[in-house]
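Remarks on the structure that follows.
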Amino acid sequence: MASNSTKSFLADAGYGEQELDANSALMELDKGLRSGKLGEQCEAVVRFPRLFQKYPFPILINSAFLKLADVFRVGNNFLRLCVLKVTQQSEKHLEKILNVDEFVKRIFSVIHSNDPVARAITLRMLGSLASIIPERKNAHHSIRQSLDSHDNVEVEAAVFAAANFSAQSKDFAVGICNKISEMIQGLATPVDLKLKLIPILQHMHHDAILASSARQLLQQLVTSYPSTKMVIVSLHTFTLLAASSLVDTPKQIQLLLQYLKNDPRKAVKRLAIQDLKLLASKTPHTWSRENIQALCECALQTPYDSLKLGMLSVLSTLSGTIAIKHYFSTVPGNVSSPPRSSDLVKLAQECCYHNNRGIAAHGVRVLTNITVSCQEKDLLALEQDAVFGLESLLVLCSQDDSPGGQATLKIALNCMVKLAKGRPHLSQSVVETLLTQLHSAQDAARILMCHCLAAIAMQLPVLGDGMLGDLMELYKVIGRSATDKQQELLVSLATVIFVASQKALSVESKAVIKQQLESVSNGWTVYRIARQASRMGNHDMAKELYQSLLTQVASEHFYFWLNSLKEFSHAEQCLTGLQEENYSSALSCIAESLKFYHKGIASLTAASTPLNPLSFQCEFVKLRIDLLQAFSQLICTCNSLKTSPPPAIATTIAMTLGNDLQRCGRISNQMKQSMEEFRSLASRYGDLYQASFDADSATLRNVELQQQSCLLISHAIEALILDPESASFQEYGSTGTAHADSEYERRMMSVYNHVLEEVESLNRKYTPVSYMHTACLCNAIIALLKVPLSFQRYFFQKLQSTSIKLALSPSPRNPAEPIAVQNNQQLALKVEGVVQHGSKPGLFRKIQSVCLNVSSTLQSKSGQDYKIPIDNMTNEMEQRVEPHNDYFSTQFLLNFAILGTHNITVESSVKDANGIVWKTGPRTTIFVKSLEDPYSQQIRLQQQQAQQPLQQQQQRNAYTRF
């Protein structure tokens with residue numbers, strides 16, 4: 001269910017703001033740096049991160065950092081501090097510095113200053129640059145020297161730099177380990193400095209020997225310095241080192257459990273719990289049964305609720321991973337106690353009804369995870385325990401408006417969704433509990449409970465017509481005031497009603513919803529409810545709501561957007577009158593629907609802007625129009641068997657041509673064209689899928705279902721008419737086994753299976769083409785169209801925004817002007833790119849690598865044709881690069897042996913973590929003019945001059961003969 005904070009498509013003006021030239025922007029800041037006033041200089045320095053964000057290419061970043069290095073070298077300490085902050089903010093752009101030596105040289109000159117503060121800032125600067133200069137020996141030496149300084153500020157800066165270099169450089173880590181060990185164990189080192197030095201040891205994981213020596217040192221520290229602060233810092237460093245080096249994780253878990261059990265100090269116990277939770281989330285597979293058992297025993301014995309809460313949070317994290325299966329699996333040869341009587345289950349059951357909400361929530365989560373992930377018969381009795389625990393927690397939290405109460409309620413509701421999905425037979429009782437509690441709950445809790453109801457009902461059809469009356473009664477009661485909570489509740493409850501009555505919304509339900517919306521005049525709420533109606537297939541309701549909003553918007557683009565949505569809803573509403581076996585009314589319904597779709601696409605085109613082109617929406621609607629036209633054409637083709645039967649000589653023609661299908665007359669060719677058209681539509685739906693990198697999974701599944709509809713009809717045409725003998729049903733038979741995540745998907749799957757059964761039963765029984773075949777095809781089309789189309793989230797909202805910006809070099813000053821290259825030389829084309837993100841990067845999927853495809857075509861020839869090998873005539877290359885800090889760069893070597901103008905096209909696509917390729921673009925074009933090299937030109941001219949006297953002599957001889 002959408003939240004107010006989500007920007008709509010029309011409000012999302014990504015990166016399209018009017019941009020100044022990069023050089024102009026840099027010169028403006030350079031003026032500020034050269035100013036005599038300190039304030040203007042500082043202002044110019046702090047504006048550099050914004051410049052890097054706007055123009056993230058190396059040529060500008062290199063120049064900017066060199067200017068900042070000059071300011072660092074000659075400025076005062078405050079300016080140096082500003083430059084340090086800018087460098088730390090722009091960490092991901094550091095690797096784009098081209099002149100690293102020059103940059104570091106200017107920074108490093110300050111290390112020899114007599115001012116310890118200047119040296120300290122320089123050390124912190126070097127530490128911030130550790131990722132690009134990890135092996136600079138002069139930097140290593142300066143850090144070692146500064147650790148012995150008598151100035152506390154300089155020593156702290158050296159500790160910061162040492163930690164950063166240890167993380168990046170193995171050589172530095174090996175060299176500094178003994179030095180740090182001596183300082184920590186030295187009596188002259190103050191305790192507070194020791195506490196700052198110990199965390200450096202977490203980076204000593206570059207090899208097993210180094211990690212082992214660091215671990216031994218930490219073990220000595222834990223035993224030698226038993227003070228609370230030293231134990232806490234040492235144990236935490238121990239944990240981070242174990243998590244990075246991986247080999248010692250089981251030992252670390254045992255050590256932390258030992259401190260949790262035996263150390264009486266609460267602070268140490270809390271630290272142990274915090275670190276155990278870190279290891280539970282990072283490496284759950286390293287937890288043994290004994291570890292979980294020990295943790296359960298500690299939780300059962302502790303009298304403190306805060307510690308019990310922490311231990312249960314570790315167990316609830318583990319219960320959602322593979323560790324829970326290890327715990328309940330019986331090892332051969334060992335007689336283990338039955339799972340139901342295990343300490344973990346006892347603890348969870350005991351905590352489910354605890355007076356502390358957090359403890360109860362974690363207890364319920366553990367029970368839910370055990371119930372869902374472990375299918376043993378012994379654990380079946382736990383189902384009821386989980387349900388009762390959830391019900392009691394729901395009653396407790398639904399009356400609480402505090403943030404803590406809401407957080408606990410979210411945990412309980414997530415468990416309910418998980419339980420209903422994992423154990424479908426429990427969903428009915430869960431839903432009834434939610435509906436009962438909805439009446440007495442607070443508004444904030446009602447919103448979350450409605451979200452939970454909708455999530456369960458989307459997965460399983462558990463909301464029956466009997467429950468709809470309760471929901472409508474509740475809808476009448478709420479919404480008396482115009483507060484934000486009430487508005488949110490109106491949307492959430494309307495969504496549940498739409499999910500509960502997806503086949504058709506009754507007149508009474510529509511009247512109640514409209515009456516409530518009229519009393520609370522908030523256009524945004526009405527739009528959100530209309531949007532949910534479009535997603536759930538209630539197009540008649542959506543049309544009326546969009547219509548009511550048309551006069552309430554301030555921009556013509558918004559007007560056209562709402563008008564297009566109204567027309568699309570009207571078009572889909574026309575298709576609800578379809579009836580089986582009535583093909584003439586089906587044609588008129590489709591024609592009526594197409595009329596409104598064409599109106600809508602014109603309005604949608606008017607709503608698009610250069611900043612927000614609405615490309616997905618336009619393409620999706622165009623495909624829907626083409627699909628409806630293809631359906632209409634296929635019904636007409638099927639009808640032509642009656643209106644235009646095969647001629648009398650059709651059998652003779654078929655025997656002459658050797659094609660038995662020709663005896664059916666012109667319908668055979670029309671069917672072939674229809675099949676090709678549906679395959680073409682399926683291919684276009686596939687292209688739309690590949691272009692929608694930022695779409696949510698439900699939208700992508702919707703596009704996939706449209707593609708499968710096209711493939712289904714093309715397969716039916718082939719199996720029934722064109723090629724019944726070779727038709728195979730193996731690859732199509734498994735479509736019904738996949739789990740459907742929405743009512744729309746369930747209904748489409750049901751139609752697919754029904755159509756396939758019909759086609760398979762008719763296949764090879766009757767000689768094509770008979771009325772049985774055409775009736776089967778027409779009925780399949782009507783069955784597909786009777787399922788109301790769902791306009792999914794990506795049609796309205798873009799929750800993730802990802803774009804790629806390419807820069808080519810060499811590049812011409814004028815885009816239309818070609819780059820000159822000699823034909824005996826190769827062009828080195830450098831392609832640089834930056835990945836730009838919106839507010840939620842990687843929400844649905846992340847870019848793993850970028851695929852760059854470079855191709856060139858000859859546009860116009862100049863000069864004579866020469867015989868050139870075919871390899872030299874075209875350029876077609878592809879490279880994959882992995883972006884680092886959202887930046888990538890690669891080079892192509894292109895050959896232009898043929899004289900003339902060539903068109904080079906660089907197109908990018910991306911590959912996500914699952915290995916799926918997405919055609920995201922962009923596509924960039926430059927022109928190259930291939931010129932003849934001077935040496936070849938000179939030889940050619942000499943040959944021409946040598947041939948001219950000979951030609952003149954031949955002409956004279958010809959004249960004399962004449």
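All residue numbers refer to positions in the sequence shown, counting from 1. No experiment lies behind these values; they were computed from the predicted model shown.
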Non-hydrogen side-chain atoms of [X] and [Y] separated by less than 4.5 Å:
| X | Y | value |
| --- | --- | --- |
| Ile176 | Ser166 | yes |
| Arg215 | Met204 | no |
| Phe388 | Cys352 | no |
| Leu394 | Met416 | yes |
| Ile143 | Leu126 | no |
| Ile253 | Trp287 | yes |
| Ile411 | Asn414 | no |
| Val159 | Leu193 | yes |

Worksheet item: Would Cys397 and Arg357 satisfy side chain to side chain contact (heavy atoms under 4.5 Å, CB included), going step by step from the backbone distance to the final call?
Response: CA-CA 8 Å; Cys397 296; Arg357 276 193 313 252; 3.8 Å; yes
Say whether, by atom type as modelled, one donor and one acceptor occur between the side chain of [X] and the main chain of [Y] under 3.5 angstrom.
| X | Y | value |
| --- | --- | --- |
| Ser113 | Asp115 | yes |
| Ser90 | Thr87 | no |
| Thr237 | Val233 | yes |
| Ser224 | Leu221 | no |
| Arg80 | Val110 | no |
| Lys840 | Leu799 | no |
| Arg119 | Ile111 | no |
| Ser149 | Gln145 | no |
| Asn99 | Glu102 | no |
| Ser212 | Ala208 | no |

What's the separation between atom [atom1] in [X] and atom [atom2] in [Y], rounded to the nearest 0.5 Å?
| X | Y | atom1 | atom2 | value |
| --- | --- | --- | --- | --- |
| Ser234 | Leu241 | OG | CG | 12.0 Å |
| Ser316 | His362 | OG | NE2 | 5.0 Å |
| Arg124 | Thr122 | CZ | OG1 | 11.5 Å |
| Ser392 | Leu390 | OG | CG | 8.0 Å |
| Leu235 | Leu271 | CG | CG | 6.0 Å |
| Thr802 | Leu843 | OG1 | CG | 9.5 Å |

Shortest non-hydrogen separation from [X] to [Y] and the atoms involved:
| X | Y | answer |
| --- | --- | --- |
| Cys296 | Asp343 | CB-CB, 4.0 Å |
| Ala167 | His206 | O-CE1, 3.6 Å |
| Val345 | Leu382 | CG1-CD2, 3.5 Å |
| Lys170 | Glu135 | N-OE2, 4.4 Å |
| Ser373 | Lys325 | O-CE, 3.4 Å |
| Ala267 | Thr228 | CB-CG2, 4.1 Å |

Between [X] and [Y]: side-chain donor-acceptor atoms closer than 3.5 Å:
| X | Y | answer |
| --- | --- | --- |
| Asn885 | His93 | no |
| Glu154 | Ser146 | yes |
| His205 | Ser245 | no |
| Ser128 | Gln88 | yes |
| Asn291 | Gln254 | no |
| Gln220 | Gln185 | yes |
| Asp400 | Ser402 | yes |
| Gln252 | Thr239 | yes |
| Gln848 | Asp912 | no |

Item to complete: Before giving the answer on side chain to side chain contact (heavy atoms under 4.5 Å, CB included), spell out for Val231 and Arg265 the whole-Å C-alpha distance, their side-chain angles and the decisive distance to 0.1 Å.
Response: CA-CA 11 Å; Val231 169; Arg265 292 168 291 189; 3.9 Å; yes
Worksheet item: Could you walk me through whether Phe65 and Phe48 pass the side chain to side chain contact (heavy atoms under 4.5 Å, CB included) check?
Response: CA-CA 9 Å; Phe65 268 113; Phe48 270 91; over 6 Å; no
Practice prompt. Please identify each residue that fulfils ring-ring contact (aromatic ring centres under 6.0 Å, His included) with Phe72, with sequence neighbours left out.
Written response: none
Any ion pair linking [Y] and [X] (charged N to carboxylate O, less than 4.0 Å)?
| X | Y | result |
| --- | --- | --- |
| Glu350 | Lys308 | yes |
| Lys179 | Asp148 | yes |
| Arg136 | Asp101 | yes |

Worksheet, complete the sentence: With Leu419 as partner, the option from Thr371, Asn369, Leu367 fulfilling side-chain contact (heavy atoms from CB on, under 4.5 Å) is Thr371
Taking everything shown except [X] itself, do over 12 heavy atoms lie less than 6.0 Å from its [atom1]?
| X | atom1 | value |
| --- | --- | --- |
| Glu91 | CD | no |
| Lys85 | NZ | no |
| His112 | NE2 | yes |
| Lys137 | NZ | yes |

Discussion item. Would Phe108 and Phe103 count as a ring-ring contact (aromatic ring centres under 6.0 Å, His included) here? Give the steps.
Written reply: CA-CA 9 Å; Phe108 196 75; Phe103 176 66; over 10 Å; no
Worksheet item: Can you list the steps and then say if Phe328 with Ile370 is a side chain to side chain contact (heavy atoms under 4.5 Å, CB included)?
Response: CA-CA 9 Å; Phe328 286 114; Ile370 293 172; 3.8 Å; yes
Worksheet entry | Test: Lys269 cationic atom under 6.0 Å from Tyr259 six-membered ring centre, within 45° of axis | no
Worksheet item: Angle class for the Phe165/Phe172 ring planes (parallel below 30°, perpendicular above 60°, tilted otherwise)?
Response: tilted
